[in-house]
Amino acid sequence: GLVMNKTIMAAALVAVMGAPATADYTVKGSFDCAAAMREDGNEHYREYNKWWLLGYFTARNYELQQNVGNGIDDDNIYQMALSFCQSNPGNDWDDAAIHIYDLLD
């Protein structure tokens with residue numbers, strides 16, 4: 001439910017923010033692109049997935065002291081990630097997040 005998904009998002013933020021800037025980070029709570037595409041039809045899951053994506057951006061921006069994605073509508077960032085998943089169904093939601101973040105950087 002909502003509490004579990006907020007916990008997952010918080011864990012993702014802590015995992016990314018706790019990593020040294022020069023080290024790789026651990027992504028928590030990701031899921032495959034097939035699930036993201038299925039869940040897009042459910043408003044609640046779509047919102048949870050968008051929050052996860054935005055949490056990734058927030059954590060990575062915090063760690064790198066950047067502002068990637070600022071000024072871009074949250075729904076547009078989500079749609080970019082969903083499009084990535086539609087084109088790369090064998091990937092995961094975190095792959096979409098990384099790809100979109102790097103595109104906008």
Any sub-3.5 Å donor-acceptor pair from Asp32's side-chain atoms to Ala35's backbone N or O? yes
With rounding to the nearest 0.5 angstrom, report the CH2 to CH2 distance, Trp52 to Trp93. 9.0 Å
Would you confirm whether Asp92, through its side chain, and Asp95, through its main-chain N or O, come within 3.5 Å as a donor-acceptor pair? no
Closest heavy-atom contact between Pro89 and Met37? CB-CE, 4.0 Å
Measuring only between side-chain heavy atoms, which start at C-beta, is His99 closer than 4.5 Å to Asn88? no
Hydrogens and angles aside, do Gln66 and Asn61 bring a side-chain donor and acceptor to less than 3.5 Å of each other? no
Closest non-hydrogen atom pair between Gly69 and Leu104, with its separation: CA-CD1, 4.4 Å
Would you give the length of the straight line joining atom CD of Glu47 to atom CG of Leu54, rounded to the nearest 0.5 angstrom? 9.0 Å
Which value, rounded to the nearest 0.5 Å, describes the distance between Asn91 atom CG and Ser30 atom OG? 10.0 Å
Relative to each other, are the rings of Trp51 and Tyr48 parallel, tilted or perpendicular (30° and 60° limits)? tilted
Shortest non-hydrogen pair, Ala97 vs Phe57, comes out as O-CE1, 4.1 Å
Spacing of Asp94 atom CG and Tyr56 atom OH [to the nearest 0.5 Å]: 8.0 Å
What distance separates Leu103 CG from Ile98 CD1, expressed to the nearest 0.5 Å? 12.5 Å
Per-pair distances, 0.1 Å, donor-acceptor, side chain in residues 74-82, under 3.5 Å, sequence neighbours excluded:
| unit_1 | atom_1 | unit_2 | atom_2 | d |
| --- | --- | --- | --- | --- |
| Asp75 | OD1 | Lys50 | NZ | 2.5 |
| Tyr78 | OH | Asp40 | OD1 | 2.6 |

Chi angles and distances behind the side chain to side chain contact (heavy atoms under 4.5 Å, CB included) call for Phe31, Asn49: CA-CA 9 Å; Phe31 43 91; Asn49 295 344; 3.2 Å; yes
